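Quantities reported herein were computed from a predicted structural model and do not represent experimental measurements. The first residue of the sequence shown is numbered 1, and numbering continues consecutively from there.
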Amino acid sequence: MDPKSCPCQRGVLRMIPAKWFQKVLKWPAGIAFALLAVAALWPGSAAASQDLSHVPVKGMVTMVDLGADQCVPCKMMAPILEKLKKAYAGKAAIIFIDVWKNTDEARRFGIRAIPTQIFYDAAGREIGRHIGFMSEKDIIDQLTKMGVR
């Protein structure tokens, strides 16, 4: 997933002040240091990845929201997901995956735009997919259609 695919973000380098890089590059080891800093912050770096092999959760209806911490619509959905995660504890799994930190997951789930919500039944079969912001009501409606009360 390319960080530039979200209109709200123009890449990680925008988060690092240009003046800082100009100073660092004047040092003898500055170039190597700057490259290490960028590699550590770049979305999808190995340090930020997590094990998500359990997704979708077997034996439970699962909603997976694939987005990014820096994406505006994704940020708008974060409190909704937290609320639903508590409300549906033990009934349905509500999972958020940051595709900039977990680039392999973006490929695994076939993500072309963020946020994307994917709904799985208890057997792990994909039931539905939605791209873009999804309201709390729409998520609840989809979970209700899938038999979650």
Side-chain angles (χ1 to χ4, degrees), residues 1-21 24 32-149:
M1 177 56 106
D2 182 9
K4 294 177 184 157
S5 66
C6 180
C8 64
Q9 183 72 8
R10 299 286 183 244
V12 170
L13 294 178
R14 281 201 151 336
M15 297 185 321
I16 302 170
K19 290 180 183 179
W20 184 82
F21 268 110
V24 169
F33 180 76
L35 289 174
L36 286 173
V38 170
L41 291 172
W42 190 257
S45 66
S49 294
Q50 62 189 61
D51 178 29
L52 297 164
S53 59
H54 67 284
V55 179
V57 177
K58 299 293 182 217
M60 184 177 283
V61 170
T62 305
M63 180 209 155
V64 181
D65 181 56
L66 296 115
D69 291 335
Q70 299 299 316
C71 163
V72 172
C74 304
K75 286 181 185 181
M76 291 168 53
M77 286 192 65
I80 294 170
L81 296 175
E82 285 304 313
K83 180 179 176 182
L84 293 175
K85 192 180 291 188
K86 291 175 186 169
Y88 286 98
K91 301 176 196 172
I94 310 292
I95 300 169
F96 172 75
I97 299 174
D98 188 318
V99 295
W100 291 352
K101 293 177 183 171
N102 301 282
T103 55
D104 291 342
E105 300 305 314
R107 283 187 289 281
R108 177 179 154 209
F109 289 102
I111 301 305
R112 295 183 178 262
I114 59 173
T116 295
Q117 301 80 34
I118 307 173
F119 294 87
Y120 294 92
D121 64 12
R125 292 182 301 255
E126 184 175 326
I127 299 300
R129 186 176 284 240
H130 177 269
I131 297 173
F133 177 85
M134 192 170 192
S135 71
E136 180 178 353
K137 180 189 177 312
D138 291 339
I139 295 170
I140 291 170
D141 289 348
Q142 180 63 37
L143 291 173
T144 303
K145 283 182 198 173
M146 296 173 68
V148 180
R149 306 276 176 227

Less than 4.5 Å apart, any side-chain heavy atom of [X] and any of [Y]?
| X | Y | result |
| --- | --- | --- |
| Met63 | Leu81 | yes |
| Ile139 | Asp65 | no |
| Thr116 | Arg129 | yes |

Run the side-chain contact (heavy atoms from CB on, under 4.5 Å) test on Thr144 and Arg149 for me, step by step, so that the C-alpha distance in whole Å, both residues' side-chain angles and the decisive distance to 0.1 Å come before the verdict.
CA-CA 6 Å; Thr144 303; Arg149 306 276 176 227; 2.9 Å; yes
Applying salt bridge (Lys or Arg N to Asp or Glu O under 4.0 Å) to Lys137 and Asp141, what does each step give before you reach the verdict?
CA-CA 6 Å; Lys137 180 189 177 312; Asp141 289 348; 2.8 Å; yes
Looking only at non-hydrogen atoms, find the nearest pair between [X] and [Y] and report the distance.
| X | Y | value |
| --- | --- | --- |
| Ala93 | Val57 | CB-CG2, 3.7 Å |
| Cys71 | Pro115 | SG-CD, 4.3 Å |
| Ile127 | Tyr120 | CG1-C, 4.2 Å |
| Phe96 | Asp98 | CE2-N, 3.8 Å |
| Ile80 | Met134 | CD1-O, 4.4 Å |
| Met76 | Phe133 | CB-CE1, 3.9 Å |

Qualifying residues under salt bridge (charged side-chain N to carboxylate O under 4.0 Å, His left out), relative to Lys58, sequence neighbours excluded
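Per chain and number, Lys58 pairs via salt bridge (charged side-chain N to carboxylate O under 4.0 Å, His left out) with no residue.
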Apply the test side-chain contact (heavy atoms from CB on, under 4.5 Å) to residues Phe109 and Val99: give CA-CA distance (whole Å), side-chain angles for both, the deciding distance (0.1 Å), then the verdict.
CA-CA 10 Å; Phe109 289 102; Val99 295; over 6 Å; no
Reported CD1-to-CZ distance for the pair Ile97 and Arg108, which is rounded to 0.5 angstrom:
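It is 6.5 Å, given to the nearest 0.5 Å.
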Does Lys75 have more than 12 heavy atoms from other residues, nucleotides or ligands lying within 6.0 Å of its NZ?
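Yes, the 6.0 Å shell around NZ holds more than 12 heavy atoms from other groups.
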Between Gln117 and Met77, does the side-chain contact (heavy atoms from CB on, under 4.5 Å) criterion hold? Intermediate values first, please.
CA-CA 11 Å; Gln117 301 80 34; Met77 286 192 65; 3.3 Å; yes
Take Asp69 and Lys101 through the side-chain contact (heavy atoms from CB on, under 4.5 Å) test and state the conclusion after the steps.
CA-CA 9 Å; Asp69 291 335; Lys101 293 177 183 171; 2.8 Å; yes
